[in-house]
Amino acid sequence: DMTDPTQQCPDSWQSFSSPRSSCGKKSNAPCDSLNITTSGASYQAVCGRFRGYQVGSPDAFRRDIITNIETNYVDGVTVTYGSPGNRHHVYTYAAGLTETTNVWEASCPCAAGRTPPQFVGSDYYCESGNPGPGWIETQFYSSDVLLDRQQCGGIESTCCNPPDLPWFCKTFPNPISE
């Protein structure tokens, strides 16, 4: 909870203090992971929430036809379980390009953008933090927290409909211990 000044980023992530206190990946690699272990305990549900900010021009689900969870399929955060080569999708938070302009390849699905890969199904939420029709590659859009069910206007108005947002909770039919 980076709104609490006593909290710190996970060791594998970088801390940013300006313009907002936040955490991000340390490298320029397209993907970065944070592993959370269950220490062998089994579970039948995964619940959580994510707060984020938009930087530059994210593409939501822009990637061409993606059928493999091991690929870079979203500009955002995804929650999975399993190990590389055997991951299973739980939930995805995607960032779209702009709240006001439909750019099919980069807009959220709820704003007439590209649909997510089949393995994501309906287990996702997408929002943009950019209020304008244009975008700047290096801009940190700090006035609109992403993925919080707030400031969803214009073409994004239907993006904030899921009643449990900003939380997600996915229940599994059988216990999982990985």
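Note that the numbering runs from 1 along the sequence shown for the chain.
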Decide yes or no for [X] and [Y]: does some side-chain heavy atom of the first lie under 4.5 Å from some side-chain heavy atom of the second?
{"X": "D59", "Y": "E105", "result": "no"}
{"X": "H88", "Y": "I176", "result": "no"}
{"X": "F61", "Y": "P117", "result": "yes"}
{"X": "W135", "Y": "T101", "result": "no"}

Joint hydrophobic cluster, [X] plus [Y], side-chain heavy atoms closer than 4.5 Å:
{"X": "I136", "Y": "L97", "answer": "yes"}
{"X": "Y125", "Y": "V46", "answer": "yes"}
{"X": "V79", "Y": "F172", "answer": "yes"}

Between C159 and C110, is the SG-SG gap under 2.5 Å?
yes
Minimal non-hydrogen separation, [X] against [Y], with atom names:
{"X": "N102", "Y": "A112", "value": "ND2-CB, 3.2 Å"}
{"X": "P109", "Y": "Y124", "value": "CB-OH, 3.4 Å"}
{"X": "T78", "Y": "H89", "value": "OG1-CD2, 3.7 Å"}
{"X": "S128", "Y": "G96", "value": "OG-O, 3.1 Å"}
{"X": "G56", "Y": "Y141", "value": "O-CE1, 3.6 Å"}
{"X": "V55", "Y": "T138", "value": "CG1-O, 4.5 Å"}

Calculate, to the nearest 0.5 Å, the distance between atoms [atom1] and [atom2] belonging to [X] and [Y] respectively.
{"X": "T92", "Y": "D123", "atom1": "OG1", "atom2": "CG", "answer": "8.0 Å"}
{"X": "R49", "Y": "C169", "atom1": "CZ", "atom2": "SG", "answer": "14.5 Å"}
{"X": "E99", "Y": "N130", "atom1": "CD", "atom2": "CG", "answer": "7.0 Å"}
{"X": "D144", "Y": "L146", "atom1": "CG", "atom2": "CG", "answer": "6.5 Å"}

How about T38 and Y81: does a side-chain donor come under 3.5 Å of a side-chain acceptor?
no
We want to know whether S177 and S42 form a side-chain donor-acceptor pair, criterion being a heavy-atom distance below 3.5 angstrom.
no
Does the ring centre of Y91 sit less than 6.0 Å away from the ring centre of F50?
no
Give a yes or no on whether the backbone of E137 and the side-chain of S57 come within a donor-acceptor separation of less than 3.5 Å.
no
